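Some notes on the structure that comes next.
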Amino acid sequence: MIIVLSPEATKEQIKHIKDKLESVGLTPHLSKGVERTIIGAIGDEAVLRSVPLEAFPGVEKVLPILKPFKLASREFKNQGSKIKVKDVVFGGEEVVVMAGPCAVENKPVLLEIAKTVKKAGAKVLRGGAFKPRTSPYSFQGLGEEGLKYLRQVGDEVKMPVITEIMDPRDVELVARYADIFQIGARNMQNFTLLKEVGACKKPVVLKRGMMSTLKELLMSAEYILSGGNYEVILCERGIRTFEDATRNTFDVSAMPVIKQLSHLPIIADPSHATGKWGLVEAVALGATAAGADGLLIEVHPRPEEALSDGAQSLLPENFIHLMEEVKKVARAVGRMV
Ligand code: PEP
Ligand code: MN
């Protein structure tokens with residue numbers, strides 16, 4: 001249910017409404033828009049049948065949210081959300097580029113990559129310390145040691161850092177080092193993990209599961225939002241189809257579809273979508289043209305030596321070229337990089 005407050009609603013009236021919602025077992029979520037403040041009443045709405053919310057002072061109207069995802073929906077919030085991470089804003093005019101290695105391998109290589117991607121215009125440094133590998137025999141990531149290198153290098157080059165979290169028990173640990181949590185495709189429906197990061201006030205990039213619909217992606221975002229963490233950025237990283245020319249099939253329509261359904265920013269990961277470095281730039285340009293609010297790109301100075309995802313990692317010179325091209329497309333669609 002959405003409770004639209006009248007512009008004159010006082011703080012006391014808002015508190016009175018919130019208290020009432022809580023007393024019947026619902027969770028109120030306040031959203032302050034430019035013109036209006038609204039309260040999302042989330043929970044079992046059946047309990048509201050006996051509460052005449054329209055009669056409460058300060059209430060202008062009460063509307064149902066028809067979509068199964070409530071706080072993530074455009075019905076709840078009709079303007080795109082802006083998510084700020086240090087000086088970087090997702091969902092604004094800028095197409096925010098996040099780049100770095102698939103995995104943090106050691107400090108010198110990470111520093112080398114960080115300097116390169118920063119110089120080329122990337123705003124956030126990526127690097128996995130906990131890697132979700134298909135094989136238990138593949139490199140699993142450096143764990144906390146990797147988180148330390150990521151933080152140190154991020155501070156050295158003055159870039160916020162993003163890293164994947166796989167285990168709900170690691171939320172506190174990862175939160176100590178990272179500016180943005182990444183929830184990977186394989187964990188999009190790890191509901192325990194979603195609830196844990198929902199209870200943490202830190203931005204989250206939530207990747208679409210490789211076999212998930214956009215509705216399921218939004219339902220997973222709803223888990224985080226309903227926990228009180230409103231800083232969710234969605235990520236299209238390709239889905240499984242019968243096509244085997246690419247690692248996954250990039251769903252470019254995810255960008256406009258999400259913008260129709262949700263106020264949350266949506267970014268694209270052309271690296272995991274294609275699995276091939278030679279295809280990354282073209283897909284990055286397509287995503288930018290379709291309205292992506294950001295890009296997540298894997299870069300490695302010696303891809304043949306990379307401990308994971310070397311085949312899709314861009315050499316520095318190719319990343320620099322991609323950035324130049326992305327800038328042109330961004331400008332053409334009224335954005336900037
Ligand atoms: C990654 O970003 O390195 C990763 C594992 O991505 P995904 O979860 O999209 O496969
Ligand atoms: Mn990877």
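Quantities reported herein were computed from a predicted structural model and do not represent experimental measurements. Values below: every heavy atom of this structure, side chains too, minus hydrogens, waters and symmetry copies. When a ligand or atom number is given, it counts from 1 through the structure's own listing order.
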Under 4.0 Å between a side-chain nitrogen and a carboxylate oxygen: does that hold for Asp251 and Arg208? yes
For atom 7 (P) of ligand 1, find the nearest protein heavy atom and state the residue, atom name and distance (0.1 Å precision). Lys207 NZ, 3.4 Å
Please determine whether a side-chain nitrogen of the Lys or Arg among Arg151 and Asp179 lies less than 4.0 Å from a carboxylate oxygen of the Asp or Glu. yes
Given atoms SG of Cys102 and NE2 of His272, what angle do they subtend at the Mn ion (ligand 2), to the nearest 10 degrees? 170°
Can you list the ligand 1 atoms lying under 4.0 Å from a non-hydrogen atom of Gly184? 8 (O)
By atom name, which N, O or S atom of Glu298 is the nearest to the Mn ion (ligand 2)? OE2
Test: Glu156 and Lys115 ion pair at under 4.0 Å: no
Close side-chain approach of Lys202 and Ile180, heavy atoms under 4.5 Å: no
Which atom name would you report as the N, O or S atom of Asp309 nearest the Mn ion (ligand 2)? OD2
Closest protein heavy atom to atom 8 (O) of ligand 1, given as residue, atom name and distance to 0.1 Å: Ala185 N, 2.8 Å
Can you tell me which residue and heavy atom of the protein come closest to atom 5 (C) of ligand 1, and the distance to 0.1 Å? Glu164 OE1, 3.7 Å
Atoms of ligand 1 under 4.0 Å from any heavy atom of Arg237, numbered from 1 in the order shown, are 7 (P), 9 (O), 10 (O)
Check ion pair Arg335-Glu93 (N to O, under 4.0 angstrom): no
Please determine whether any non-hydrogen atom of Lys131 lies less than 4.0 Å from an atom of ligand 1. yes
Against ligand 1, does Met210 come closer than 4.0 Å with any heavy atom? no
When distances are taken from atom 4 (C) of ligand 1, the protein heavy atom at minimum range is His272 NE2, 3.3 Å
Can Lys259 and Asp293 be counted as an ion pair, charged N to O under 4.0 angstrom? yes
Any chance you could lay out the side chain to side chain donor-acceptor pair (under 3.5 Å) test for Glu305 and His300, step after step, and finish with the verdict? CA-CA 9 Å; Glu305 290 171 20; His300 199 287; over 6 Å; no
Proximal atoms of ligand 1 relative to Arg126 (non-hydrogen, under 4.0 Å): 1 (C), 2 (O), 3 (O)
What are the two closest non-hydrogen atoms of Glu281 and Glu325, and how far apart are they? OE2-CG, 3.3 Å
Before accepting this row, confirm whether a basic side-chain N of the pair Glu298/Arg126 lies closer than 4.0 Å to the acidic partner's carboxylate O. yes
Do any nitrogen or oxygen atoms of Asp269 lie less than 3.5 angstrom from nitrogen or oxygen atoms of ligand 1? no
Heavy-atom neighbours of Lys119 NZ exceed 12 at 6.0 Å: no
At a 4.0 Å threshold, what atoms of ligand 1 neighbour a non-hydrogen atom of Cys102? 3 (O)
Per-residue contact class, Gln182 against ligand 1 - non-hydrogen pairs under 4.0 Å: side chain
